[in-house]
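Contents: one structure, followed by commentary.
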Amino acid sequence: MKKTENQMLVIFGASGDLTARKLVPALFNLFIAKQLPENFVVLGASRSDMMDNDFRKKVVLESKYLKKRLEDLKEEYIAKFADRFFYEDLGGAYDTDYGRLRKRVEDLNNKYHTDGNIMYYLSTPPTLYETIAKNLANAGLNTQNNGWKRLIVEKPFGYSLDTARTLNSGLQQHFTEPQIYRIDHYLGKETVQNLLVTRFANSIFEPLWNRNYIHHIEITNAESVGVEKRGGYYDKSGALRDMFQNHLLQIVSLVVMEPPIGDQPEEIRNEKVKALKSLRIMQDDKTIHDHTIRGQYVASEINGEKVKGYREEEGVDPNSTTETYAAIKFFVDNWRWKDVPFYVRTAKRMPTKVTEVVIHFKTPHHQIFKDSGLSSKDNKLIIRIQPDEGILMKFGVKVPGQGFKVERANLDFYYSSLAQTHVMDAYERLLLDAMQGDATLYARADEVEAAWEFVDPILNYWEKGEDVRMYGYAAGVWGPENADELIEGIGYWRNPGSNLADDDGFCVIC
Ligand code: BG6
């Protein structure tokens with residue numbers, strides 16, 4: 001186990017939902033697993049008028065996100081965790097003199113011996129990132145002559161290529177790039193990291209991982225929920241900015257990348273950037289028109305319950321043209337992937353919540369068993385990111401009896417079979433990594449910009465292009481009626497269920 005140095009975590013926007021919902025439960029897991037450093041405190045900072053005790057109650061003692069976990073624990077044990085939390089009211093604004101904050105940080109550092117190491121976590125609206133970084137620098141809270149200083153920023157990281165660039169250079173005026181950790185919680189998921197291991201710790205997949213053997217790649221990210229209470233935010237964002245530019249392109253980069261020369265953060269990140277830069281940017285309207293589909297869910301009934309359409313959701317413009325469904329076909333311009341189509345879709349209000357990568361292999365180039373019915377059933381490798389996390393390989397086996405009839409069989413691995421292993425939650429893993437200075441699973445500036453470079457023309461076309469269509473789909477179905485038209489030749493998406501091996505005619509080979 002790597003050593004985690006003594007440190008202080010300063011959370012900006014600490015009174016917001018993310019702190020209580022994700023960050024504190026992740027810290028609690030680390031506390032239980034004895035992975036927090038010996039000297040460790042959390043200082044919440046935001047505009048709410050609270051005292052230390054109020055903050056402790058809000059995010060630990062009375063938090064609905066920890067309630068179940070705390071039930072059977074002794075009070076003294078819970079207090080050992082809660083007593084590490086402190087709060088500093090920034091007054092009315094984040095754009096203020098951080099002199100008082102500095103004083104508080106110094107006092108806590110002296111009292112709890114956190115060795116001058118500070119991690120700042122910006123859990124505020126992105127418009128405040130630069131302001132906070134600037135004010136920290138003005139108060140001398142960014143200097144590393146007495147302990148390291150790191151800055152974690154949440155998504156969305158920019159709204160477009162231009163705004164992402166401005167944000168990057170703005171932050172880099174006050175913190176150096178190695179100090180900046182851009183969080184993407186998908187990179188904290190075990191199964192996303194396992195893409196690297198599947199590819200580069202085995203000798204059986206990588207030789208096939210190219211245009212010679214792969215017919216196409218399909219990535220689905222479906223959510224059954226709608227926009228819930230985030231209509232205001234979502235309506236200015238949409239599926240492409242909310243999910244595709246970050247989470248899904250991160251997954252794409254791991255599928256596309258070349259083998260890194262080692263597992264050091266920069267080696268892996270260099271290859272990911274190279275992968276993202278090799279995505280063919282769609283420039284002309286016709287290509288974007290033909291290779292993208294955007295949709296919006298409309299009111300319907302799911303399991304007998306009425307469900308609102310997107311435009312009826314709270315905080316959403318009744319004439320909104322923001323997409324809740326996005327499907328993109330694209331190519332990767334490099335030696336490995338030439339002419340292999342990638343199909344990626346993400347959407348809200350789908351029949352189930354699922355994220356998976358499907359590698360569709362080519363059918364054998366010389367077909368011996370002509371009447372086997374195999375030609376319509378390609379070999380597939382399904383990497384299930386969530387739920388029912390695992391990997392499944394589909395291949396042909398002989399049906400017992402005369403002749404050579406072939407049926408599909410599955411070889412599978414489920415993470416749940418590793419019963420003894422504690423699978424870390426994404427935030428838990430990512431926080432611990434940043435606490436240890438490991439940036440492998442954080443996005444670098446050039447990575448984020450390369451992703452925006454690909455997404456920008458699509459967003460521009462969707463906003464201003466001619467012949468742009470917004471297709472409706474009933475909440476609870478697999479997207480617009482024409483969604484399958486994107487998939488040339490094959491004709492349809494794999495619409496998975498919540499279980500990994502859930503299609504007809506499967507069997508498990510032990
Ligand atoms: C967030 C998006 O980044 O990811 C949300 O803003 C989305 O809209 C969420 O619901 C999905 O995350 P997960 O881990 O539940 O797939």
Side-chain angles (χ1 to χ4, degrees), residues 13 16-19 21-23 25-26 29 65 121-126 129 152-159 164 181-195 219-252 254 294-297 307 310 313-316 320 322-326 344-357 383-390 415 423-431 441-443 448 451-452 455 459 475-476 479 496 498 500:
D17 186 50
L18 185 82
T19 306
R21 188 165 49 89
K22 289 287 181 193
L23 304 184
N29 286 348
Y65 303 106
Y121 197 113
L122 307 194
S123 172
T124 62
Y129 292 169
I152 304 188
V153 283
E154 266 290 335
K155 69 166 259 263
F157 202 84
Y159 187 75
Y181 288 67
R182 296 171 192 79
I183 202 163
D184 184 307
H185 81 276
Y186 266 59
L187 287 175
K189 293 182 193 276
E190 266 314 317
T191 41
V192 173
Q193 294 154 32
N194 191 44
L195 269 165
I219 302 179
T220 291
N221 168 268
E223 290 185 271
S224 45
V225 292
V227 291
E228 300 184 292
K229 293 201 174 98
R230 298 161 73 227
Y233 149 77
Y234 196 89
D235 207 33
K236 291 189 190 65
S237 171
L240 214 60
R241 286 190 178 94
D242 185 50
M243 293 295 300
F244 183 86
Q245 184 276 337
N246 36 70
H247 308 323
L248 289 171
L249 284 184
Q250 283 293 341
I251 296 175
V252 167
L254 296 171
R294 64 174 189 162
Q296 221 178 49
Y297 60 84
V307 175
Y310 176 65
E313 299 274 18
E314 196 187 315
V316 171
S320 172
T322 300
E323 76 286 354
T324 60
Y325 174 102
V344 181
R345 64 179 166 166
T346 175
K348 300 251 184 223
R349 281 280 184 234
M350 299 270 100
T352 188
K353 179 174 171 75
V354 62
T355 305
E356 65 172 30
V357 177
I383 300 169
R384 179 60 82 99
I385 289 167
Q386 60 188 21
D388 203 16
E389 291 81 355
Y415 265 88
V423 178
M424 285 175 115
D425 155 81
Y427 273 92
E428 187 185 341
R429 166 73 203 261
L430 292 173
L431 270 176
L441 301 175
Y442 284 84
V448 170
W452 276 118
V455 166
L459 286 169
S498 52
L500 177 51

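Keep in mind that this is a model prediction, so the values were computed, not measured. For ligands, and for the atoms within them, numbers begin at 1 and follow the listed sequence.
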- [ ] Describe, in one word, how the ring planes of H185 and H247 are oriented to each other, choosing from parallel (under 30°), tilted (30 to 60°) and perpendicular (over 60°).
- [x] perpendicular

Open item on the list: Using the side chain to side chain contact (heavy atoms under 4.5 Å, CB included) definition, which of the options T220, L240, V344 pairs with L248?
Closed with: V344

Task: Residue selection (non-hydrogen contact nearest atom 14 (O) of ligand 1) among E223, K189, R230 - done: K189

- [ ] Give the minimum heavy-atom separation between D425 and A26, together with the two atoms involved.
- [x] OD2-CB, 4.2 Å

Open item on the list: For Y186, state whether at least one heavy atom is located under 4.0 Å from any atom of ligand 1.
Closed with: yes

Open item on the list: Considering non-hydrogen atoms of the protein only, which is the closest contact for atom 15 (O) of ligand 1, and what is the distance?
Closed with: K353 NZ, 2.6 Å

Open item on the list: Angle between ring planes, Y234 versus Y310, binned at 30° and 60°: parallel, tilted or perpendicular?
Closed with: perpendicular

Open item on the list: Give the atom numbers and elements of ligand 1 that come within less than 4.0 Å of a heavy atom of K155.
Closed with: 1 (C), 2 (C), 3 (O), 6 (O)

Task: Minimum heavy-atom distance between K189 and A426, given as atom pair plus value - done: N-CB, 4.1 Å

Task: Protein contact of atom 8 (O) of ligand 1 - nearest heavy atom, named by residue and atom, plus distance - done: D242 OD2, 2.6 Å

- [ ] List every atom of ligand 1 that sits less than 4.0 Å from any heavy atom of M243, numbering the atoms from 1 in the order shown and giving each element.
- [x] 2 (C), 4 (O), 7 (C)

- [ ] Please write down residue, atom name and distance for the protein heavy atom closest to atom 4 (O) of ligand 1.
- [x] H185 CE1, 3.4 Å

- [ ] Validate the cation-pi geometry between R241 and Y159: distance from NZ or CZ to the six-membered ring centre under 6.0 Å, angle to the ring axis within 45°.
- [x] yes

Open item on the list: Let's go through K155 and D242 carefully: what are the C-alpha distance in whole Å and the side-chain angles of both, what is the deciding distance for salt bridge (charged side-chain N to carboxylate O under 4.0 Å, His left out) to 0.1 Å, and is it a yes or a no?
Closed with: CA-CA 9 Å; K155 69 166 259 263; D242 185 50; 3.1 Å; yes

Open item on the list: Under 4.0 Å from a heavy atom of K348: which atoms of ligand 1 are those, numbered in the order shown and with their elements?
Closed with: 5 (C), 7 (C), 8 (O), 10 (O)

- [ ] For Q386, counting its heavy atoms only, list the atoms of ligand 1 lying under 4.0 Å from any of them.
- [x] 13 (P), 16 (O)

